[in-house]
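Presented below is the structure to which this report refers.
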Amino acid sequence: MMIAGISLLLAVVGSTLVLISNTRDSFDVLVNERAVRSAAADLFSLIQDAESGQRGYMLTSDAKFLTPYKEATKDVAEAVDNLVSLTKARPKYKALVDPIPSQINAKLNEMATTLTLAADGKTAEAMAIVRDGHGQNLMNTLRRQLQAIIDLSDANIHDSIKRQVAGSDQMKWIMIGAAVAIIAILIISILIIRQYIHSINDAHEEVQKFNTALEMRVEERTQDLVRANQEVQRFAYIVTHDLRAPLVNIMGFTTELENSLTMMQNYVLADGAPLSPDDIARAREAAAEDVPEALRFIRSSTSKMDGLINAILKISRDGRRQLKPEMVDIRAIAENSVNSLKHLIDAADGEVQISPSPLHAVNDRLSLEQIFTNLVDNAIKYRSPQRPLKISVTTKRVGGFIEATVEDNGRGISEADHERVFELFRRAGQQNQTGDGIGLAHVRSLARNLGGDISVRSELGKGSAFTLTVPADLSVVLRRVGV
């Protein structure tokens, strides 16, 4: 039975290592493909910016339109080199990427020629080059090729994700099979022991105790998995919802750009045909107001998406950082966090009280410092303007856990939002403070990574009390889970 168990364990470990290696390879492909996609999109965006500056200057002779043109053309060469570098070892991209440098140069030459003519007062010659359609054909070709690169990258990303999901499913079934086999081996072993050693009552009692402890562990882990699954589902919904909002804005203002482009094309590509004053006015309005406004909102939305993605990465890094259990004084950590924010507390004419007695525990210092700093900072940020700020930090030991409560007399949280405030990108109450809604989500992630949790007790208009619960000895928890 021992040989069978060892063989099974080795098989599980071997299969797990293979799956982990495959997952790592898929992840590397995913990262590279995302970089390729981003490089292609950035390159086309630069060409579009340059062309917008070119058209704006030719239409208005206003030198301010040369600013986006110069900024874009300055970065084009680097963007092309980046795209070529990312795809040079990827044969599938070769046919799509190879023509791009020469086409980019042709487009840049076309724009430079028209701007030089326009600057010399030869606007008619410049407009004739534009009406010739060569520049537009180059732009359309670049758009098709870069979109083909993006589409191929998206397909590769989709395939990589499918491989990762398949690997996860395989891992799950391997673990289930291993668990079933281990339980079967355990049962057989117990039957053999009971058959041949009935007289050893002590051994029988030990086996029973072992079974009881195992069932309790399985129940605890099952509850943890259920909670984790619920959090993953909630997190997926929140992330999808919040990331979709800026995408909708981008799509909407892209349509605005298309409409503005149509109006400007009617003016620029009239080929000498008479234009109504209304057509000219609409084209000028599109170039002067609609296009800059749409670009501004698109940049704002992409910036918002970048902030959301960075927040998600920050939360994900909590679970990957290696915890370092050491002997710490919880009270001293809380005091250091308060001192780091003392300038803000003094500015708010605030008062802070901290438990007078030291409370030692074996835990991760950095995580605790981040938790206390976030909680105290929130108390300062959401103080009530009707009364002076008061914060109290109390600590105590409860069995094998440490409880630390940060209480304030701020504006409080409504009962309906007690759980919502711990969700990523979710904020409660009046939104008159800067922030992305990740502070308390980060705190809960840190607390649960330590094997603990955090809860809130609050009444609207009266204040809030956040209670952190963490193990008194983190090293025992880490050994229990095999870290």
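Contact between Pro388 and Asp349 at its shortest, heavy atoms only, is CB-O, 4.2 Å. Residues Ile371 and Ala447 share a closest heavy-atom pair of CD1-N, 4.0 Å. Across Val398 and Glu403, no two heavy atoms sit closer than the pair CG2-CD, 3.9 Å. Residues Tyr57 and Ala119 come closest through the heavy atom pair OH-CA, 3.6 Å. Minimum heavy-atom separation, Thr373 to Glu369: OG1-O, 2.7 Å. Minimum interatomic distance between Ser458 and Ser464 (heavy atoms only, all atoms of both residues): OG-OG, 2.8 Å.
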Assess whether side chain to side chain donor-acceptor pair (under 3.5 Å) is satisfied between Glu78 and Asn82, documenting all intermediate values. CA-CA 6 Å; Glu78 183 179 349; Asn82 184 35; over 6 Å; no
Which is it for Thr405 and Thr467 under the side chain to side chain donor-acceptor pair (under 3.5 Å) test, yes or no, and what are the steps along the way? CA-CA 4 Å; Thr405 300; Thr467 299; 3.2 Å; yes
Apply side chain to side chain contact (heavy atoms under 4.5 Å, CB included) to residues Ile100 and Gln145 and explain how you reach the verdict. CA-CA 8 Å; Ile100 286 178; Gln145 287 185 262; 4.3 Å; yes
How far apart are the C-alpha atoms of Asn140 and Arg143, what are their side-chain angles, what is the distance that settles it, and do they pass the side chain to side chain contact (heavy atoms under 4.5 Å, CB included) test? CA-CA 5 Å; Asn140 290 337; Arg143 181 185 290 106; 2.8 Å; yes
Check against side chain to side chain contact (heavy atoms under 4.5 Å, CB included), Tyr382 and Asp377: CA-CA 9 Å; Tyr382 298 107; Asp377 183 60; over 6 Å; no
Yes or no on side chain to side chain contact (heavy atoms under 4.5 Å, CB included) for Ile150 and Gln147, after CA distance, side-chain angles and deciding distance? CA-CA 5 Å; Ile150 291 173; Gln147 186 59 49; 4.0 Å; yes
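Side-chain contact check for Ser153 versus Ile157: some heavy-atom pair is nearer than 4.5 Å. Inter-residue side-chain proximity for Met139 and Phe44 is flagged as met; some heavy-atom pair is nearer than 4.5 Å. Residues Val352 and Ile354 form a side-chain contact, since some pair of their non-hydrogen atoms from C-beta on lies under 4.5 Å apart. For the pair Ile454/Thr469, no side-chain contact is recorded, criterion being any heavy-atom separation below 4.5 Å from C-beta on. Residues Leu389 and Ile380 form a side-chain contact, since some pair of their non-hydrogen atoms from C-beta on lies under 4.5 Å apart. Under the 4.5 Å side-chain criterion, counting only non-hydrogen atoms from C-beta, Arg55 is in contact with Val130. Taking 4.5 Å as the limit, every side-chain heavy atom of Pro471 sits out of range of all side-chain heavy atoms of Val476. At least one side-chain heavy atom of Glu326 sits less than 4.5 Å from a side-chain heavy atom of Val328.
Applying the side-chain contact (heavy atoms from CB on, under 4.5 Å) test between Arg90 and each of Val97, Leu96, Asn156 identifies Asn156 as the sole match.
Between the side chain of Thr60 and the backbone N or O of Gly56 there is at least one donor-acceptor pair closer than 3.5 Å. Proximity of a side-chain donor or acceptor of Arg365 to a complementary backbone N or O of Ser367 within less than 3.5 Å is not detected. Counting only distance, with no hydrogens or angles, the side chain of Ser355 and the backbone of Thr395 share a donor-acceptor pair below 3.5 Å. A donor-acceptor distance shorter than 3.5 angstrom exists from the side chain of Arg387 to the backbone of Asn409, with no hydrogens or angles considered. A donor-acceptor pair under 3.5 Å is absent between the side-chain atoms of Arg411 and the main chain of Gly461, judged by distance alone. Asp364 places a side-chain N or O within donor-acceptor distance of the main-chain N or O of Lys324, the cut-off being under 3.5 Å.
Between Glu33 and Arg37, no side-chain nitrogen of the basic residue sits less than 4.0 Å from a carboxylate oxygen of the acidic one, so the salt-bridge criterion is not met. Between Asp453 and Arg444 there is a salt bridge, with a side-chain nitrogen of the basic residue lying less than 4.0 Å from a carboxylate oxygen of the acidic one. Salt bridge absent: Arg163 and Asp159 never bring a charged side-chain N and a carboxylate O closer than 4.0 Å.
In this structure, CD in Gln54 is found 10.0 Å from CG in Leu108, a value given to the nearest 0.5 Å. Atoms CG and CG, on Leu468 and Leu375 in that order, are 7.5 Å from each other to the nearest 0.5 Å. With rounding to the nearest 0.5 Å, the separation of CZ in Phe466 from CG in Asn378 is 6.5 Å.
Residue His360 qualifies as enclosed at atom NE2: its count of foreign heavy atoms under 6.0 Å is above 12. No more than 12 heavy-atom neighbours from other residues, nucleotides or ligands sit within 6.0 angstrom of CD on Gln353. More than 12 heavy atoms of other residues, nucleotides or ligands shown are found within 6.0 angstrom of CG on Asp169.
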Cut-off 3.5 Å, no hydrogens considered: what does the side-chain donor-acceptor table look like for residues 45-52, sequence neighbours left out?
residue: Glu51; atom: OE2; partner: Lys107; partner atom: NZ; Å: 2.9
residue: Ser52; atom: OG; partner: Gln48; partner atom: O; Å: 2.9

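At a cut-off of 3.5 Å, with distance as the only test, no side-chain donor of Gln370 or Asn374 sits close to an acceptor on the other residue.
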